[in-house]
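Quick note on labels: first sequence line is chain A, next is B, and so on, each numbered from 1. From a predicted model like this one, the values you see are computed outputs, not experimental measurements.
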Protein chains: 2
Amino acid sequence: MNTDHVAPTRKGRGRPKQFDRDDALDKALEIFWRHGYDATSLNDLVEATGAKAPTLYAEFGNKEGLFRAAAERYIAKFADRGRALLANPKCSVAQATEDFMRDTAAMYTDKNLPSGCFIICTSAALSSSSDEVAKMLRARHHFQENMLTDFLRSRQEAGELPAQTDISTLAKYLTCIQQGMSVQARDGATREELDSIVSTLMGLWPALVRLGVTPSTAGVRVPQRDIA
Amino acid sequence: MNTDHVAPTRKGRGRPKQFDRDDALDKALEIFWRHGYDATSLNDLVEATGAKAPTLYAEFGNKEGLFRAAAERYIAKFADRGRALLANPKCSVAQATEDFMRDTAAMYTDKNLPSGCFIICTSAALSSSSDEVAKMLRARHHFQENMLTDFLRSRQEAGELPAQTDISTLAKYLTCIQQGMSVQARDGATREELDSIVSTLMGLWPALVRLGVTPSTAGVRVPQRDIA
């Protein structure tokens with residue numbers, strides 16, 4: 001989709017105002033995030049974006065189309081950010097994981113945005129009458145777990161994690177912590193409180209990557225920086 | 001509140017039907033749980049409970065009153081269940097924690113109820129226009145963390161956990177895992193998948209209770225059953 005598309009629109013009696021698709025998406029994203037899909041009306045979206053209803057219809061089809069586009073924008077933005085942190089070749093697997101989790105803590109408590117993860121918040125808020133949106137969210141729900149799995153697997157292949165470490169279990173566990181952090185953020189937890197959870201997690205890291213690794217293989221030579 | 005109150009009501013053309021307050025609350029709870037507070041209308045509640053609107057108004061005041069009563073019923077039921085597992089004097093602190101977490105996994109994936117935790121699901125779904133309900137939920141949101149804190153502190157006082165173990169951090173970490181499990185359950189995770197997270201957590205237990213405990217005190221004599 002062309003995200004640079006700009007369509008003319010009119011706001012009140014003033015001069016014509018250009019329709020900024022990305023800006024409208026950011027504003028729609030925030031409204032959906034704060035109130036959920038079902039509780040957000042087209043009127044709310046018109047008010048938040050400053051665009052007229054026909055402009056939104058022409059651009060996104062309907063409320064569902066606008067929601068889909070907003071969700072895609074959220075994932076693209078935050079997946080890129082996460083992937084960049086995990087892909088840092090200067091960091092050990094533990095350090096990259098910690099950077100990623102602390103960035104999650106910062107993101108979930110960013111005062112300029114609603115708290116928590118957009119996908120988690122809107123999924124939880126979804127009425128069972130919105131089946132199509134639920135399906136779409138479910139398909140995207142695993143983007144964080146998949147990102148972590150790819151990262152951990154590549155580090156394991158590089159010999160930075162014991163060969164017996166169960167990557168899928170580890171990725172699911174880290175994702176569970178992230179999801180819990182989203183719930184806490186939505187409930188008012190501060191960045192410091194989420195950081196404290198990350199500190200606990202990282203204190204467990206040496207034990208975590210060795211779960212299921214039998215003593216005879218636990219001593220396998222892996223780069224020193226990854227053991228601690 | 002008297003939960004045994006029964007008021008007569010009429011359903012269709014048939015004979016008068018007694019109004020069963022607890023049954024109505026269970027049905028209302030399920031509807032709120034599935035759809036969220038905002039997306040649930042009084043019509044939905046009338047349909048689900050089989051009661052007439054005036055009966056619901058007389059009994060609970062309004063939708064918010066009914067939601068409050070349903071939330072209280074949920075907490076009373078599941079807090080009792082959790083407390084009983086944690087209070088089992090035959091179990092080590094690790095075993096009682098594991099039983100509690102596995103029961104959470106079972107509860108969150110109970111096929112007779114909506115998935116996940118009622119409080120977490122409805123909090124996440126709450127529109128910011130429902131301030132009073134949000135406040136009420138926030139006040140009740142910490143019941144699981146408080147329950148875990150009380151349990152861990154009593155076991156620490158009994159010498160079953162190192163004196164230096166930070167109980168508050170430990171309770172927050174366990175709560176975070178529970179919250180993540182609720183998100184996963186809502187997203188379709190099976191009981192086995194949640195159990196696997198609990199297994200990972202319990203594999204980390206010896207390291208978890210020793211976080212922050214310096215080597216000189218880590219060797220303090222605590223009952224053997226609590227070390228593993």
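Among A:Leu211, A:Asp187, A:Leu170, A:Ile197, the residue making the largest number of heavy-atom pairs under 4.5 Å with chain B is A:Asp187. Of the listed residues (B:Asp166, B:Leu194, B:Ile177), the one with the most heavy-atom contacts under 4.5 Å to chain A is B:Ile177.
If you check the side chains of B:Gln179 and A:Gln179, you find no donor sitting under 3.5 Å from an acceptor.
The OG atom of A:Ser123 lies 9.0 Å from the CZ atom of B:Arg186; values are rounded to the nearest 0.5 Å. Put simply, SG on A:Cys176 and CD on B:Gln178 are 10.0 Å apart, with the number rounded to the nearest 0.5 Å. Between atom NZ of residue A:Lys172 and atom OG1 of residue B:Thr200 there is a gap of 10.5 Å, rounded to the nearest 0.5 Å.
With a 4.5 angstrom heavy-atom cutoff, B:Leu201 touches chain A via backbone and side-chain atoms both.
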Begin with the C-alpha distance, continue with both residues' side-chain angles, and end with the deciding distance and a verdict on side-chain contact (heavy atoms from CB on, under 4.5 Å) for B:Leu204 and A:Leu208.
CA-CA 7 Å; B:Leu204 300 171; A:Leu208 189 54; 3.7 Å; yes

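For A:Phe143, the CZ atom is densely surrounded, since the number of other residues' heavy atoms within 6.0 Å is greater than 12.
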